[in-house]
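Here the structure is laid out as structure tokens; the discussion comes afterwards.
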Amino acid sequence: MAILERINEDMKQAMKAKDKKRLSVIRMLKGALQKEAIDHSGELTEADELQVIARELKQRKDSVKEFQEAGRDDLAEETESEIAIVEDYLPEQLSEAEIEEKVKAVIEQVGATSMKDFGKVMGQAVSAMKGQADGNQIQQIAKKLLNQ
């Protein structure tokens, strides 16, 4: 089932259950997907849909960090509950060990030997783990491995 179809079904269920919080987040996701489809003037592939949802997740994680720095724990908690709902639409996230394993494979594949090859490694690694890992986490692990 395509992500947009699943979102539509979940929206109906949230309406029936009168779950306002979930409904609000699902509507936001649907709106973001529809906007992206309009911007691309056509239907989105599943990879495009995952990219949009991952972007929405990243925005929320950044917001939580900012709210905590500003001492607004109430807003941080609310945003964290939104994150849990958004994560339902992404594939299971890889553990740090799994990310490291995949980055090592990419380093071997492209023949990277130093930080000069960082761009090549990141390009391959991010596309290989699209939707399964945070780009910042991939970046940190790639830097660590290339500096060894």
Side-chain angles (χ1 to χ4, degrees), residues 1-107 112 115 118-148:
M1 178 186 314
I3 295 172
L4 192 55
E5 291 172 17
R6 183 171 160 219
I7 285 174
N8 286 329
E9 286 301 313
D10 290 351
M11 189 179 340
K12 289 177 193 174
Q13 290 174 356
M15 283 182 197
K16 288 177 184 176
K18 295 183 178 19
D19 186 348
K20 290 181 182 178
K21 179 71 173 174
R22 186 167 184 80
L23 180 61
S24 170
V25 174
I26 291 171
R27 281 184 173 154
M28 175 277 312
L29 285 175
K30 184 176 180 182
L33 289 168
Q34 288 173 332
K35 181 186 179 307
E36 191 74 15
I38 290 169
D39 291 348
H40 281 71
S41 62
E43 283 195 33
L44 299 175
T45 64
E46 190 167 340
D48 293 335
E49 290 176 338
L50 286 174
Q51 186 175 3
V52 171
I53 292 172
R55 183 174 55 227
E56 293 294 325
L57 179 66
K58 183 180 183 326
Q59 287 174 353
R60 273 153 190 72
K61 286 184 176 181
D62 291 345
S63 294
V64 166
K65 205 177 292 180
E66 289 176 21
F67 290 145
Q68 288 172 338
E69 288 172 5
R72 294 296 310 266
D73 294 332
D74 55 328
L75 293 175
E77 285 178 29
E78 187 176 322
T79 307
E80 285 174 348
S81 67
E82 290 180 10
I83 288 172
I85 296 168
V86 173
E87 285 177 336
D88 287 346
Y89 296 98
L90 288 172
E92 189 172 324
Q93 299 295 294
L94 297 173
S95 69
E96 192 167 331
E98 291 170 321
I99 294 171
E100 191 168 326
E101 194 176 295
K102 288 190 181 237
V103 171
K104 281 180 183 176
V106 169
I107 288 172
M115 280 301 290
F118 179 74
K120 290 183 207 173
V121 171
M122 281 301 293
Q124 293 271 332
V126 168
S127 65
M129 293 180 264
K130 187 170 252 127
Q132 296 179 315
D134 179 50
N136 290 333
Q137 195 173 19
I138 295 171
Q139 179 184 17
Q140 290 171 347
I141 290 171
K143 282 181 180 178
K144 180 180 82 172
L145 292 173
L146 288 172
N147 282 327
Q148 287 180 349

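Keep in mind the model is a prediction, meaning the values are calculated, not measured.
- Nearest heavy-atom pair, Leu50 versus Pro91, reported as atom, atom and distance to 0.1 Å: CD2-CD, 3.6 Å.
- Between Ala142 and Phe118, the shortest heavy-atom contact is CB-CE1, 3.9 Å.
- Using a 4.0 Å cut-off between a side-chain N of Lys or Arg and a carboxylate O of Asp or Glu, Lys12 and Glu9 qualify as a salt bridge.
- Asn8 is listed as a side-chain neighbour of Met11, based on a closest heavy-atom distance under 4.5 Å.
- In this structure Gln124 satisfies the side-chain contact (heavy atoms from CB on, under 4.5 Å) test together with Val106, Gln109, Val110, sequence neighbours excluded.
- Within the model, atoms CG of Leu94 and CG of Asp134 stand 11.5 Å from one another, a figure rounded to the nearest 0.5 Å.
- Side-chain atoms of Gln140 do not come within 3.5 Å of backbone N or O of Ile138 as any donor-acceptor pair.
- Between the CD atom of Glu77 and the CD atom of Gln68 there is a distance of 9.5 Å, given to the nearest 0.5 Å.
- The CG atom of Asp48 lies 11.5 Å from the CG atom of Asp39; values are rounded to the nearest 0.5 Å.
- With contacts defined as side-chain heavy-atom distances shorter than 4.5 Å, the pair Gln13/Arg22 does not qualify.
- Side-chain contact between Leu33 and Glu36: absent, with no pair of heavy atoms (C-beta onward) separated by less than 4.5 Å.
- If you take CG on Asp62 and NZ on Lys58, they are separated by 4.0 Å, rounding to the nearest 0.5 Å.
- Residues Lys21 and Glu78 form a side-chain contact, since some pair of their non-hydrogen atoms from C-beta on lies under 4.5 Å apart.
- Although no hydrogens or angles enter the test, the distance criterion places no donor-acceptor pair under 3.5 Å between the side chain of Ser24 and the main chain of Lys20.
- Each of Ile141, Leu145, Ile99 was compared with Lys104 under the side chain to side chain contact (heavy atoms under 4.5 Å, CB included) criterion, and only Leu145 meets it.
- Atom CD of Glu98 is surrounded by more than 12 heavy atoms from other residues, nucleotides or ligands within 6.0 Å.
- A salt bridge does not link Lys65 to Glu69: none of the charged side-chain nitrogens sits closer than 4.0 Å to a carboxylate oxygen.
- Here the CZ atom belonging to Arg55 is positioned 11.5 Å from the CZ atom belonging to Arg60, to the nearest 0.5 angstrom.
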